[in-house]
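Small disclaimer: the values here were computed from a predicted structure and weren't measured. By convention in this document, chain letters (A, B, ...) are assigned in the order of the sequence lines, proteins followed by strands, and residues within each chain are numbered from 1.
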Protein chains: 2
Amino acid sequence: MSEAAGGAGEQTVEELVADVFRRACASREALEHVTGKWSLLALSALAESPHRFGELRRRIEGVSERMLAQSLQTLERDGWVHREVRSAIPPHVEYRLTEDGAALVPHLLGLISFVEARMPAVQAARASADEVRRPR
Amino acid sequence: MSEAAGGAGEQTVEELVADVFRRACASREALEHVTGKWSLLALSALAESPHRFGELRRRIEGVSERMLAQSLQTLERDGWVHREVRSAIPPHVEYRLTEDGAALVPHLLGLISFVEARMPAVQAARASADEVRRPR
DNA sequence: CGGCATCCTTCATGATACTG
DNA sequence: CAGTATCATGAAGGATGCCG
C-alpha cells in the first residue's frame, strides 16, 4: 500500500491498482469484501474446516440466509472460497477455503484474536469516554 | 476466539465476552468498528504519523466529512485513537494512535498488504467466475 | 437442503448548510 | 478548520414464498 504499508516512496505500477487510499482502486473493494461483517465470520468459520451452508448459518449467530448466501457468493467470486455441489436432491453444498483463502485467513484470525484479547481495554475506554460525555 | 482461532476446546469465562460468533458479543461490535470501511483506512493513515482532520480527509479519497468524523469518534471511544485539540480559533485538532491502536494497526496493515499483493489473483478469479455465469 | 426472487423496513451514507 | 445538524436517498438487511 504505497506509503502506509511498505514505506517505500517510489511510485510503481502496482500503486495504480493496489492503493487502498485511492477512491476507485480495486483493492479497496476487495478489502471490503473480506472484512465485511459476515464475510469475516464466514472465512473464520471455514478456517476450521469445510462447512455446509446450514452449518455456517448456525455457526454464525445472527446471520440471515440471504446475507450469508450473498457473502459466500462474493467470497467465491473473489477466489477466497470454493463452492462444491455434491448432490441435487436434497442439495448438499460444501464450502471450503481455496489456497488463497487459506493464506488470507491467518491475517483475519490474528486480527480477531487481538481484538478479543483487548476487549477489557476497549470496554474500559468506552466506559471512561461515556463518563466524560454524560457526567451523571 | 474459542474454537476458530485458538483451537482450544475448553470453555473459559473469556468466551462469554469474546466470541465473535456469538450474536450479542461485544467483541463482534468492536471488530466491526476497526474493520469498517473508513475506520480501516483512517487507522492505516494514522499508522504513518499523526494527522489533522483535514489531512485525513484528503488522504482518504472519497470519505465524506461526516463519515470521517463519525469513524474517528468511534475509534476514539473504543480507545484506538487519541484526539487532541491544540487551539480553538482556528481549530487545530490532531489525531494519533493510542498504544492499543499502535498494537492493532500492524494486523490491519498486514491484511491490507496481503490483499493488495493478491489483487492479480482476485481479478483473475473474478474474470473466470464472470465468464462462467455469462457464457457470451 | 440450499438457494433465488420479491417485498418491505431500517439504516448508513452523502450533500448541503450552519456554527464555534 | 473542524466539526454539527438536517434532509434525502440508496443500500443493507429481514421476512416470506417458491423451486430444484
**OP:** Return the value, rounded to whole Å, for the distance between atom CD of B:E61 and atom P of C:dG14.
**Re:** 14 Å
**OP:** With heavy atoms under 4.0 Å as the rule, sort A:E65 into base, sugar-phosphate or nothing.
**Re:** base
Subject >> Nucleotide C:dT13, atom P - distance to CD of B:Q73 in whole Å >> reply: 14 Å
**OP:** For A:R66 and for B:A88, locate the closest nucleotide of DNA chain D by heavy-atom distance; then report the residue assigned to the nucleotide nearer the 5' terminus.
**Re:** B:A88
Subject >> Comparing B:P91 and B:V63 on DNA chain C - which has the more 5′ nearest nucleotide >> reply: B:V63
Original post:
Tell me: CG of A:L56 to P of C:dG2, nearest whole Å?
Top reply: 9 Å
**OP:** Would you mind reading off the distance between A:L72 atom CG and C:dC4 atom P, rounded to a whole angstrom?
**Re:** 10 Å
Original post:
Can you find a pair of side-chain heavy atoms, one from B:Q73 and one from B:R77, that are under 4.5 Å apart?
Top reply: no
Subject >> Check: B:W80 and A:V122 side chains under 4.5 Å, non-hydrogen atoms >> reply: yes
**OP:** Determine: side-chain N/O of A:R52 to OP1/OP2 of C:dG2, distance under 4.0 Å, yes or no.
**Re:** yes
Original post:
NA contact type, B:R83, heavy-atom cut-off 4.0 Å: base, sugar-phosphate, or nothing?
Top reply: sugar-phosphate
**OP:** Could you tell me whether a side-chain N or O of B:E116 sits under 3.5 Å from a main-chain N or O of A:V20, the two making a donor and an acceptor?
**Re:** yes
**OP:** Taking the side chain as every heavy atom from C-beta outward, state whether A:L46 and A:L56 have any atom pair closer than 4.5 Å.
**Re:** yes
Subject >> Contact check, side chains of B:R28 and A:E61, non-hydrogen atoms, under 4.5 Å >> reply: yes
Original post:
Under a 4.5 Å cut-off applied to non-hydrogen side-chain atoms, are A:L40 and A:V34 in contact?
Top reply: no
Subject >> Given DNA chain D, 5'-ward residue of the pair A:I89 and B:Y95, judged by closest heavy atom >> reply: B:Y95
Original post:
Could you give the CD-to-P distance, from A:E84 to C:dG2, as a whole number of Å?
Top reply: 14 Å
Original post:
Could you give the angle between the helix axes at the two ends of the helix from C:dC1-D:dG20 to C:dG20-D:dC1, with five pairs per end, rounded to 10 degrees?
Top reply: 50°
Subject >> Heavy-atom neighbours of B:E99 CD exceed 12 at 6.0 Å >> reply: no
Original post:
Looking at side-chain heavy atoms only, is the closest gap between A:R59 and A:L41 below 4.5 Å?
Top reply: no
Original post:
Roughly, in whole Å, what's the span from CE in A:M67 to C1' in C:dG2?
Top reply: 16 Å
Original post:
How long is the line joining CD of B:E32 and P of C:dA12, in whole Å?
Top reply: 10 Å
Subject >> Boundaries of the chain B footprint along DNA chain D (any atom under 4.0 Å from a heavy atom) >> reply: D:dC1 to D:dT6
Subject >> Separation of C:dC4 P from A:R57 CZ (nearest whole Å) >> reply: 14 Å
Original post:
Should A:L104 and A:L108 count as side-chain neighbours, where that means a heavy-atom distance under 4.5 Å?
Top reply: yes
